[in-house]
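Some notes on the structure that comes next.
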Number of protein chains: 2
Amino acid sequence: MKTIEIDEELYQYIAGQTRHIGEDASSILRRLLNINLHLLSQPGKKNQPENHYSVFTDLLTSDTFTNEKSIINRFILLLGTLYNYNPTHFSIAATSLHGSKRQYLAKDKQSLEISGKNTKPREIIGTPYWVISNTNTARKVYILESIMSDMGLSESLINQVIDIFSPPTNKANS
Amino acid sequence: MKTIEIDEELYQYIAGQTRHIGEDASSILRRLLNINLHLLSQPGKKNQPENHYSVFTDLLTSDTFTNEKSIINRFILLLGTLYNYNPTHFSIAATSLHGSKRQYLAKDKQSLEISGKNTKPREIIGTPYWVISNTNTARKVYILESIMSDMGLSESLINQVIDIFSPPTNKANS
DNA sequence: GAACTGATCGGGGGGATTATTT
DNA sequence: CCAAATAATCCCCCCGATCAGT
């Protein structure tokens with residue numbers, strides 16, 4: 001159990017959504033949040049193998065993601081989701097990932113800055129991590145691939161991500 | 001401030017939705033809940049007649065809008081919403097708006113291009129219109145103000161918009 | 001000369017390209 | 001010495017403040 005602080009008004013609002021006497025906050029919030037997002041596993045029911053990937057498909061089809069045209073922003077959005085999907089696995093994957101000189105991911109800007117001459121670290125919002133940003137697209141995709149693979153995510157999900165970052169191939173011919 | 005208890009997993013999920021460093025739980029939850037329900041009015045005001053303006057308040061608080069840091073994109077997003085709110089009134093307002101030489105809004109790129117030397121027209125997605133983009137922020141705000149005023153929108157809504165586009169005043173002193 | 005309007009141009013970010021290392 | 005992998009320079013383009021013109 002975790003404790004969080006919220007303002008009085010919001011508290012009243014949430015309390016007002018109680019469905020049965022004695023219902024706890026988690027239950028109410030899960031119901032409210034579920035309306036939008038098909039949340040992560042409900043307490044009881046076992047999540048069948050595939051469906052926990054919904055976090056990713058949700059992101060990839062979200063407005064926030066699709067409205068974002070720049071590679072770097074999509075890259076960071078995806079890393080954030082990967083972290084939140086499984087912080088522990090993400091950390092392990094992040095630690096073992098680096099170039100010959102540069103460190104690609106770290107919990108502080110400085111580590112990245114000193115590992116190269118112009119790494120241009122960027123914060124991964126919603127996460128304690130920072131990433132290198134001064135790379136071409138190929139390397140960004142490589143970073144995503146490595147992390148996802150190390151986290152044990154499915155081949156098909158990985159390919160889906162690679163596709164999204166691939167150059168907007170000319171649909172004309174072929 | 002009130003304290004509530006929630007399970008670990010739910011906590012992680014919520015924390016993962018943080019948008020800016022140091023964001024508190026109330027802020028995150030309000031955003032998440034607002035997406036579905038246009039929540040109970042923020043502190044104070046009871047929902048009065050005005051509510052057909054919800055299109056605007058929805059936009060202004062939407063992720064798409066708030067995630068968007070650049071003036072120009074917010075500008076275009078807002079123009080799009082104005083058009084869809086009332087295409088007829090928008091058109092009337094658009095027609096009567098221009099500088100001494102430049103035309104500010106038009107249904108085709110060319111009209112704008114030939115009305116000045118470097119107008120940099122931008123398409124207003126979801127709309128048959130284009131806008132000039134080579135202006136400073138003050139002029140962009142002026143364009144919004146004029147249109148909104150001509151469309152008969154409320155003073156308070158107009159001011160709200162102006163505020164949003166105002167420079168991120170230094171909160172330090174004052 | 002004051003106010004308004006136009007559009008040049010500097011700053012900054014993104015990432016392909018090129019230099020460097022392995 | 002060549003190829004592959006990696007680093008990081010640097011060009012391009014966007015934005016919009018600032019300055020020039022009306």
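Numbered from 1 within each chain, the chains take letters A, B, ... in sequence-line order. Every value quoted in this text rests on a predicted model; they were computed, and no experiment measured them.
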- Query: Rounded to the Å, how far apart are B:Lys140 NZ and C:dT5 C1'?
  - Reply: 14 Å

- Message: Measuring from the side chain of A:Asn118 (C-beta onward, heavy atoms only), which nucleotide among D:dA5, C:dA7, D:dA8 has the closest atom?
- Response: D:dA8

- Note on the structure: Assign each of B:Lys101 and B:Ala138 the nucleotide of DNA chain D bearing its closest heavy atom; nearer the 5' end lies the nucleotide of B:Ala138

- Check: A:Phe90 ring centre within less than 6.0 Å of A:Tyr129 ring centre: yes

- A:Leu112 atom CG is separated from D:dT6 atom P, nearest whole Å, by 17 Å

- Length of the line joining A:Ile132:CD1 and D:dA7:P, which is rounded to integer Å: 9 Å

- Item | Whole angstrom value for the distance that separates C1' of C:dG13 from NZ of A:Lys120 | 7 Å

- Query: Considering all heavy atoms of both residues, which atom of A:Leu79 and which atom of A:Leu144 are nearest to each other, and what is their separation?
  - Reply: CD2-CD2, 3.7 Å

- Message: Does either side chain, that of B:Thr119 or that of B:Tyr104, offer a donor lying less than 3.5 Å from an acceptor on the other one?
- Response: no

- Ignoring the backbone of B:Ser100, work out which of D:dT9, D:dA7, C:dT5 is nearest its side chain. C:dT5

- Task: Indicate whether OP1 or OP2 belonging to C:dT5 is found under 4.0 Å from a side-chain N or O atom of B:Arg139.
- Result: yes

- Message: Does D:dA8 have OP1 or OP2 under 4.0 Å away from a side-chain N or O of A:Arg102?
- Response: yes

- Phosphate oxygens OP1/OP2 of C:dG14: is one of them under 4.0 Å from a side-chain N or O of A:Arg122? yes

- Query: Any chance the side chains of B:Asn73 and B:Ser70 put a donor and an acceptor closer than 3.5 Å?
  - Reply: yes

- Residues from residues 67-81 of chain A sitting under 4.0 Å of DNA chain C, heavy atoms only? A:Ser70, A:Ile71, A:Ile72

- Message: Between B:Glu145 and B:Ile158, is there a side-chain heavy-atom distance shorter than 4.5 Å?
- Response: yes

- Task: Find the distance B:His98:NE2 to C:dC4:P and express it as a whole number of Å.
- Result: 16 Å

- Query: Would you say a side-chain N or O of B:Thr135 is under 4.0 Å from OP1 or OP2 of C:dG6?
  - Reply: no

- Just call it for B:Tyr142: base, sugar-phosphate, or nothing, with non-hydrogen atoms closer than 4.0 Å on any strand. nothing

- Message: Minimum heavy-atom separation for B:Val161 and B:Met148, please, with both atom names.
- Response: CG2-CE, 3.8 Å

- In whole angstroms, the gap separating P of D:dC10 from CG of A:Asn136 amounts to 17 Å

- Establish, from distance only, whether the side-chain atoms of A:Asp108 and A:Ser111 form a donor-acceptor pair under 3.5 Å. yes

- Query: Taking NZ from B:Lys117 and P from D:dA20, how many angstroms apart are they, rounded to a whole number?
  - Reply: 15 Å

- Length of the CG-P vector between A:Asn134 and C:dT17, whole Å: 15 Å

